[in-house]
Protein chains: 2
Amino acid sequence: MSPTPPPSDLHDHLGYWLRMVSNAVSQDFAREIEGQGVTVAEWVFLRALHDADCLAPSLLAERMGMTKGAISKLADRLSEKKLVQRAPNPEDGRGQMLSLTPAGRALVPELARIADGNDAAFFDTLAPAERDHLGALLRKIARAHELTRAPVD
Amino acid sequence: MSPTPPPSDLHDHLGYWLRMVSNAVSQDFAREIEGQGVTVAEWVFLRALHDADCLAPSLLAERMGMTKGAISKLADRLSEKKLVQRAPNPEDGRGQMLSLTPAGRALVPELARIADGNDAAFFDTLAPAERDHLGALLRKIARAHELTRAPVD
DNA sequence: GACATATAGTTGACAAGGAAACTTCCGGGA
DNA sequence: TCCCGGAAGTTTCCTTGTCAACTATATGTC
């Protein structure tokens, strides 16, 4: 028997493969939407706003799993790009309401198509049943660990 | 027919679930090894060095999927922590040879055990067959896209 | 009504990685 | 031998996130 067994290999962990594939997907996607002048975090931000019509930064922070500070700066950038606008919350002097500008609203479907294409391209090496299975497994894990935040990075 | 179909939902993408689960695993792991004074990138660095005995920074950059600059700074930090040492490469005046210090070598099995525990804890909600299947699917995707770099972030 | 406490958002300091310029060294031609 | 192109590392600047301190507003308690 060896005095100290060799440490487990990186490749033995599911987390390793998960990170590898996940990073590749995200990096591919980031590169594609870079052409639209937008980052992945900005895409998630815009997409959330598209559904909500108008959202408080604190809620967005909660949903995106980022700090208030990060959201504040993200909003600055998107506002600079004329994709998002801030308005005071009439019911609470501290709060504000974020919403998409027309340009921002117009951009979302464009980005969504890119996201669709990226996802399809990346997972087309799997058969449809395998894709379904992969999705089911991931959702099962997410549910078990009560993951709810939209992942950003 | 609607004039503009609604943009696809984030949740429709496999990449979304992949990122969500992957980020959760990594963040959990990062929090656990923080107690050992080490980051995830540093763990990957140390683990690679453990197998290689001595490695050039450029090779490490290749394997970790990071830039030379990042590796240079990572080596600085680990050297500061007395876990890694630099030596000049006798055969090439430009190169150097990175290796683990005794402290670094002693730390790797400790970190490996934490990694094992983290992985087990995270995926124990899946049945063994499901875990195998998940791993197989991820490796299939990695192979199809020729992913070889150890993911870091 | 006044004050203590909590909450919304902003800001500044810091961390860590990428891109590119830079330094040093190698090795191949003329 | 003397260049000159390329490779190895380092350094600088930029980006983008966290954390914690700060400002302003709201709310509950006496």
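Protein chains get the first letters and strands the later ones, always in sequence-line order, with residue 1 at the start of each.
Between the CD atom of A:Glu62 and the C1' atom of C:dG9 there is a distance of 16 Å, rounded to whole Å. Rounded to a whole Å, the CD1 atom of B:Ile71 is 12 Å from the C1' atom of D:dG9. For B:Glu80 and C:dA15, the CD to C1' distance is 15 Å, given to the nearest whole Å. The CE atom of A:Met66 sits 12 Å away from the C1' atom of D:dT15 (whole-angstrom rounding). Rounded to whole Å, atom C1' of C:dG17 lies 13 Å from atom CD of B:Glu42. Following rounding to the nearest Å, A:Asn89 (CG) and D:dT25 (P) show an atom-to-atom distance of 13 Å.
At the phosphate of D:dA8, neither OP1 nor OP2 sits under 4.0 Å from any side-chain N or O atom of B:Arg86. For the OP1/OP2 pair of D:dT18 and a distance below 4.0 Å, the side-chain nitrogens and oxygens of A:Thr67 include at least one atom meeting the criterion. Side-chain nitrogen and oxygen atoms of A:Arg77 include none within less than 4.0 Å of the OP1 or OP2 phosphate oxygen of D:dC14.
Put simply, the side chain of B:Leu98 reaches to within 4.5 Å of the side chain of B:Pro57, judged on heavy atoms. Counting heavy atoms from C-beta on, the side chains of A:Pro88 and A:Met97 never come closer than 4.5 Å. Residues A:Asp53 and A:Arg105 have side chains in contact (heavy-atom distance under 4.5 Å, counting atoms from C-beta outward). No side-chain heavy atom of A:Val84 sits less than 4.5 Å from a side-chain heavy atom of A:Thr101.
In the set C:dA13, C:dG17, D:dT10, the nucleotide with an atom closest to the side chain of A:Lys73 is C:dA13.
Among the heavy atoms of the strands lying under 4.0 Å from A:Gly69 is at least one base atom, whether or not backbone atoms are also near.
Relative ring orientation between A:Tyr16 and A:His11 is described as tilted, the plane-to-plane angle lying within the 30° to 60° band.
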Please write out each protein N/O paired with an N/O of nucleotides 4-8 of chain C under 3.5 Å, distance rounded to 0.1 Å.
{"from": "C:dT7", "atom 1": "O2", "to": "A:Arg94", "atom 2": "NH1", "distance (Å)": "2.7"}

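Other residues, nucleotides and ligands place no more than 12 heavy atoms under 6.0 Å from the CD atom of A:Glu34.
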